[in-house]
Amino acid sequence: MSPMSPSRRHHLAFLVLWLSLILTTSFYAHEKAFWFDEILTLGIASTEPGPPMWQAMTAGFEFNPPLPYLAMHVAESLLGRGEFRSRLPFLLASWLAVLLLYFAFLRQGSPAAGLWAICLWLHTDALSYFYEARSYAFVFLGATLLLVSWSLRRPLARTLGLYAGLLIALLAHMWALVLLPVLGFFVLEALWRERRLDWPPALALLAATPTLALYPPLVSATRGVRFLNPIYQGELLPLYHEVLDNLPFVLFLLLLTGLLRGLPLALPPAPLQRFSALLLAAPLLVFTGTRLSGSPFMERYVLLASLGAAMALAPLLAGWFRPARLLVVPLLALLLGHRYYTELTTVPRVWEVTRPLARLAQLPSSPAPVYFASGIDFLPFHYYATPAQRERLHLVTDRERAIRFTGSDGLDSALIPASPWLGLHHPIASFSSLPPCFWLLDKDHRLNWFRPALVEAGYRLTDHSHITPSLLLSCRARNLPIP
């Protein structure tokens, strides 16, 4: 039997890697409970496309373009609602993005580097968003389609591919607009070096630019919500650390292994090299843009930097380990197995919400109401609660106290305009309307302001955490006697 050619080995390795990704992310999507952001997506996706959906999108609690809502609406119309079924369009987009990333390196003659790029990318924070019902999988799909389309030879196919990549990304998330200067750089580079206009990317940019007209109404609708994460207001280094996740640790292990032999320097093929460098600059562009515009900012808005890091480092590692293929296979299998396992341990399961709900239903009737310290905690409990359980669940918003204690309103104020689409039938209370005694469920979220505000207002807080996995407190005004 003739030995398998290197290209066939690479393709077989990719197939195994891709199938492992499909199986694991499908399992994560099936098991993970919908969280705050995804429930907002569910609320908008439940409306009819057209004016009703646009009304929900501009109500002031979301600022994403329409693609994720339309995709979920179609999936739920065909398959019904469920953790896996509602997330299926986003899973498909992420799986296709990984396929395109490998194909981009394959077209440049570097299939081994493509495998390394995928492995490195899976070790970043991007993996957690491959199966989440939000915009990011479509942004990944648009970016990787740009990578593949750039190397196409026929001008028409190249133009259409670049335009499709931009359109998918821009219709998925507002800050995918960082891809515009990426493509613009290549147009200017051709003008500078070759004294000619590279028509396909120029036409793609021109055709995709009108999409930006969707953004101003979405941004202005959310301008009153202050949920800029204070962790990232001062410096960029923690932001890169958050986005790259445990990639530095993996690189350290690989570097130790590579030091056992010479480390030949290998760079990505020229177009991919410049793409990766520009994607790595995404955090700086988005960070600056949000500071100047006053629009919301979270670290996941710059996940394209993780793709840039994986693309930049992959050819280097492929060069290091080319003579030691027998070492690479078990090493990568071990690293990916560990990555999949650590991701599984962080997935909040549906039962982690439903079991505490059952225990909350058994709480003594006095104090009866159950208040939540954060809207991020409240919304999943409200979503999975039965109608009878929902009668006891409440959320308090107080913009002034939230900003004073945490520098942010913690997304809570966004739930007020979202109420009609999320089924929040009872009004969300203000701090001044709190009853003299109630239960407080607190998962100690980093943007929590409620507990210090209660202490300041003179409430007595008693710990009952043995009842639920989360911190459960009974709260009584100091002028009430302890029963």
Side-chain angles (χ1 to χ4, degrees), residues 23-43 72 76 80-88 90-91 125 127-134 136-137 242 245-246 298-300 338-364 369-396 410-412 414-415 418 422-424 438-448 450-451 463-474:
L23 292 174
T24 53
T25 51
S26 296
F27 179 74
Y28 299 153
H30 180 268
E31 292 293 305
K32 183 182 178 182
F34 290 123
W35 75 290
F36 184 95
D37 283 16
E38 291 181 299
I39 296 172
L40 297 183
T41 307
L42 291 167
M72 181 180 282
E76 293 187 339
R81 175 163 293 184
E83 282 74 20
F84 176 79
R85 288 169 291 178
S86 299
R87 293 181 173 123
L88 184 57
F90 309 91
L91 286 167
D125 203 33
L127 177 61
S128 301
Y129 297 93
F130 279 9
Y131 57 93
E132 182 170 291
R134 295 293 285 171
Y136 311 106
E242 182 83 12
D245 201 15
N246 56 7
M298 292 289 178
E299 75 279 356
R300 50 189 175 270
H338 179 265
R339 179 69 182 101
Y340 288 148
Y341 174 75
T342 55
E343 182 70 20
L344 178 63
T345 61
T346 62
V347 172
R349 311 290 185 89
V350 173
W351 59 262
E352 294 181 46
V353 179
T354 55
R355 285 184 185 175
L357 277 170
R359 294 181 181 179
L360 288 176
Q362 300 169 4
L363 290 176
V370 178
Y371 284 83
F372 286 76
S374 165
I376 292 179
D377 300 334
F378 167 78
L379 201 53
F381 276 86
H382 182 272
Y383 177 84
Y384 286 102
T386 65
Q389 290 170 337
R390 287 178 182 173
E391 293 299 320
R392 299 188 69 183
L393 306 183
H394 303 272
L395 178 70
V396 169
L411 305 180
D412 296 345
L415 291 180
L422 302 181
L424 305 179
F438 55 90
W439 293 100
L440 169 62
L441 192 69
D442 183 7
K443 299 181 79 170
D444 200 24
H445 192 268
R446 61 183 170 182
L447 296 181
N448 176 14
F450 197 24
R451 264 198 296 162
D463 190 352
H464 298 272
S465 299
H466 61 281
I467 300 177
T468 66
S470 304
L471 179 60
L472 182 68
L473 304 170
S474 61

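All residue numbers refer to positions in the sequence shown, counting from 1.
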Checklist entry - Can you say whether the rings of F372 and F381 are parallel (under 30°), tilted (30 to 60°) or perpendicular (over 60°)? => result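 Tilted.
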Checklist entry - Parallel, tilted or perpendicular: which describes the rings of Y28 and Y131, with under 30° parallel and over 60° perpendicular? => result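 Aromatic pair Y28/Y131 classed tilted.
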Measure across [X] and [Y] and return the closest heavy-atom pair with its distance rounded to 0.1 Å.
X: T342; Y: T345; result: O-OG1, 2.6 Å
X: G80; Y: S86; result: O-OG, 4.5 Å
X: M72; Y: T41; result: CE-CG2, 3.8 Å
X: A29; Y: L91; result: CB-CD1, 3.8 Å
X: F130; Y: A137; result: O-CB, 4.4 Å
X: W439; Y: S474; result: CZ3-CB, 3.8 Å

Item to check | side-chain hydrogen bond (donor to acceptor under 3.5 Å, both in side chains) against Y129, all qualifying residues, sequence neighbours excluded | outcome: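 Listed in chain order: nothing, the list is empty.
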Do the side chains of [Y] and [X] get nearer than 4.5 Å, heavy atoms only?
X: Y383; Y: L42; answer: yes
X: L127; Y: T25; answer: yes
X: V347; Y: F27; answer: no
X: L415; Y: H382; answer: no
X: T386; Y: L357; answer: no
X: L40; Y: L379; answer: yes

Going from [atom1] on [X] to [atom2] on [Y], what distance comes out if it is rounded to the nearest 0.5 angstrom?
X: E132; Y: F34; atom1: CD; atom2: CZ; answer: 10.5 Å
X: R349; Y: T354; atom1: CZ; atom2: OG1; answer: 12.0 Å
X: L424; Y: R390; atom1: CG; atom2: CZ; answer: 8.5 Å
X: E343; Y: D125; atom1: CD; atom2: CG; answer: 8.0 Å
X: I376; Y: I39; atom1: CD1; atom2: CD1; answer: 11.0 Å
X: F450; Y: L441; atom1: CZ; atom2: CG; answer: 11.5 Å

Item to check | Evaluation steps, side chain to side chain contact (heavy atoms under 4.5 Å, CB included), between R300 and R134 | outcome: CA-CA 11 Å; R300 50 189 175 270; R134 295 293 285 171; 6.0 Å; no
Next on the checklist: Among V370, L395, V396, exactly one meets side chain to side chain contact (heavy atoms under 4.5 Å, CB included) together with F378. Which residue is that?
Outcome noted: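 The side chain to side chain contact (heavy atoms under 4.5 Å, CB included) with F378 is passed solely by L395 among V370, L395, V396.
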Checklist entry - Do any N or O atoms from the side chain of T24 and from the backbone of Y340 form a donor-acceptor pair under 3.5 angstrom? => result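 Checking the backbone N and O of Y340 against the side chain of T24, no donor-acceptor pair under 3.5 Å is found.
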Checklist entry - So, E83 and R87, do they make that salt bridge, N to O below 4.0 Å? => result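 Answer for the salt bridge query: no.
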